[in-house]
Amino acid sequence: MLEEVERWLARRSWSVADRPLERILAAKRSTRVSVVLPALNEEATVGDIVAVIRRELMSESVPLVDELVVIDSGSTDRTAEVAAAAGARVVARDAILPRIPAVPGKGEVLWRSLMVTSGDVVCFVDADLRDFSADFVTGIVGPLLTDPDVDFVKAMYDRPFGDTPGQGGRVTELVARPLLNLHWPQLAGFVQPLGGEYAARRSLLERLPFPVGYGVELGLLVDALHTVGLDALAQVDVGVRKHRHQDGQALGRMAAAIYRTAQLRLSRGHLVRPWLTQFERGEAGFTPRTYAVDTEERPPMAEITEYARRRVA
């Protein structure tokens with residue numbers, strides 16, 4: 001590990017207990033905090049997450065979060081209804097920036113969320129978390145409110161797979177961590193580089209391009225490093241993250257998109273064939289299935305006309 005990263009780990013890696021809630025609230029002052037949950041068919045978990053945030057972080061005694069928005073990216077279940085009933089403002093992905101046709105993908109939702117939120121600090125939380133704790137929000141928002149030199153904070157946690165404890169996800173360990181260590185060694189200290197829980201200053205997020213799909217976490221992390229430098233990045237230990245696990249083929253598609261995102265940032269070159277073929281066993285043997293690898297990215301939100309007009313207004 002680079003000496004620079006060792007120093008960073010000592011200086012910019014914390015536990016949620018390092019910043020008591022009272023200290024965070026005292027430092028908040030007039031800073032507005034937005035929490036965004038990107039959601040697609042998450043009726044089983046989104047309501048509990050919203051309820052915890054509303055109850056523990058949006059009360060008169062604990063006014064940490066100013067707005068809580070669920071961006072529904074086309075759910076076919078009761079995600080929107082459950083989230084609204086629990087107290088979130090629910091916005092349909094396709095209703096945001098209708099001039100620009102939406103494409104599937106988590107990054108697309110996160111990018112569009114900047115148009116419908118107003119917080120100086122924007123906190124992203126995945127909507128499939130189980131046994132959700134408010135520490136996931138206070139942990140990553142805290143450094144941004146108490147330290148003006150920090151611009152981007154990721155949560156770190158244990159990620160058990162079934163009953164087996166572990167430090168990272170399968171795609172993290174097999175794809176993202178090797179890529180970061182080999183090509184962006186300054187980022188080798190991040191425990192959960194692909195984690196979906198992170199917070200950043202709007203002034204940074206609006207300057208970054210957003211990969212529309214699975215590559216969004218790696219892309220934002222790498223671009224944040226190049227934009228504000230390692231010392232402006234941080235991570236906070238928030239405990240244990242429990243969520244729904246995807247099957248091996250879905251993980252393969254995720255891995256391909258992450259590799260593509262890394263490749264674009266390494267060379268901005270041309271990928272000869274941005275497709276991934278996988279195999280499924282059927283009655284007649286193995287059947288190939290080919291999927292497009294996410295190659296589209298949204299430009300920095302600061303370049304979007306509607307966003308610029310909103311800021312002037």
Side-chain angles (χ1 to χ4, degrees), residues 16 33-42 44-46 48-50 52-53 65 68-73 75 79 83 88 93 104-114 117 121-141 144 152-161 166-173 175-177 180 187 190-200 205 208 210-224 233-246 250-251 253-255 257-258 261 294 298:
V16 65
V33 175
S34 301
V35 175
V36 173
L37 275 67
L40 175 63
N41 296 328
E42 303 294 357
T45 50
V46 68
D48 289 340
I49 298 172
V50 170
V52 169
I53 295 173
V65 174
L68 174 55
V69 182
V70 171
I71 310 292
D72 184 10
S73 56
S75 297
T79 290
R93 176 200 62 194
K106 178 184 177 182
E108 178 83 353
V109 176
L110 301 184
W111 181 72
R112 288 175 187 264
S113 75
L114 297 181
T117 55
V121 169
V122 182
C123 172
F124 298 122
V125 175
D126 281 349
D128 66 343
L129 302 188
R130 295 184 285 110
D131 301 331
F132 178 76
S133 166
D135 288 350
F136 276 78
V137 175
T138 59
I140 57 179
V141 167
L144 294 164
F152 187 99
V153 184
K154 295 213 67 148
M156 56 177 168
Y157 33 68
D158 292 319
R159 287 186 64 183
F161 185 66
Q167 292 186 338
R170 290 163 287 175
V171 177
T172 294
E173 300 302 335
V175 180
R177 202 176 307 285
L180 292 175
L187 298 175
F190 276 93
V191 176
Q192 296 290 353
L194 300 185
E197 290 68 48
Y198 48 101
L205 291 173
L208 302 179
F210 278 61
V212 299
Y214 287 127
V216 63
E217 272 81 29
L218 184 135
L220 289 178
L221 187 60
V222 169
D223 291 342
L233 313 182
Q235 61 184 349
V236 176
D237 187 348
V238 298
V240 178
R241 183 186 197 266
K242 298 178 181 178
H243 67 114
R244 183 186 67 252
H245 293 283
Q246 301 195 57
L251 295 179
R253 296 190 290 275
M254 182 185 300
I258 290 166
T261 300
D294 293 322
R298 294 304 189 188

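A quick note: this is a predicted structure, and the numbers were derived from the prediction, not measured.
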Euclidean distance, [Y] [atom2] relative to [X] [atom1], rounded to 0.5 Å:
| X | Y | atom1 | atom2 | result |
| --- | --- | --- | --- | --- |
| Tyr198 | Glu217 | OH | CD | 3.5 Å |
| Arg170 | Leu194 | CZ | CG | 12.5 Å |
| Asp72 | Arg93 | CG | CZ | 8.5 Å |
| Ile71 | Trp111 | CD1 | CH2 | 13.0 Å |

So, for [X] and [Y], which heavy atoms are closest and what is the spacing to 0.1 Å?
| X | Y | answer |
| --- | --- | --- |
| Val70 | Ala83 | CG2-CB, 3.9 Å |
| Asp237 | Tyr157 | OD1-CA, 4.4 Å |
| Ile258 | Gly215 | CG1-CA, 4.2 Å |
| Ala199 | Ile140 | CB-O, 3.7 Å |
| Ala155 | Val238 | CB-CG2, 4.0 Å |
| Pro38 | Lys106 | CG-CE, 4.2 Å |

Quick one: does Gln192's side chain have a donor or acceptor within less than 3.5 Å of a partner on Lys154's backbone?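 Checked: no pair found.
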
Is there a donor-acceptor pair under 3.5 Å between the side chain of Arg177 and the backbone N or O of Phe190?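 Yes, because the side chain of Arg177 sits within donor-acceptor range (under 3.5 Å) of the backbone of Phe190.
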
Residue pair [X] / [Y], side-chain heavy-atom distance below 4.5 Å:
| X | Y | value |
| --- | --- | --- |
| Glu197 | Asp126 | yes |
| Tyr214 | Val171 | no |
| Leu40 | Thr79 | no |
| Val191 | Gln235 | yes |
| Leu180 | Leu218 | yes |
| Phe210 | Leu114 | yes |
| Val122 | Leu110 | no |
| Ile49 | Phe132 | yes |

May I have the step-by-step check of side-chain contact (heavy atoms from CB on, under 4.5 Å) for Ser34 and Val69, ending in yes or no? CA-CA 8 Å; Ser34 301; Val69 182; over 6 Å; no

Test applied, side-chain contact (heavy atoms from CB on, under 4.5 Å); reference residue, Leu68; option that passes from Val137, Thr117, Leu37, Val33: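 By the side-chain contact (heavy atoms from CB on, under 4.5 Å) criterion, Leu68 pairs with just one of Val137, Thr117, Leu37, Val33: Leu37.
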
Assess the residue pair Leu221 and Phe152 against the criterion (side-chain contact (heavy atoms from CB on, under 4.5 Å)); give the C-alpha distance rounded to whole Å, side-chain angles, the decisive distance to 0.1 Å, and a yes or no. CA-CA 8 Å; Leu221 187 60; Phe152 187 99; 3.9 Å; yes

Between Val36 and Val109, is a side-chain contact (heavy atoms from CB on, under 4.5 Å) present by the stated rule, with each step listed? CA-CA 10 Å; Val36 173; Val109 176; 5.7 Å; no

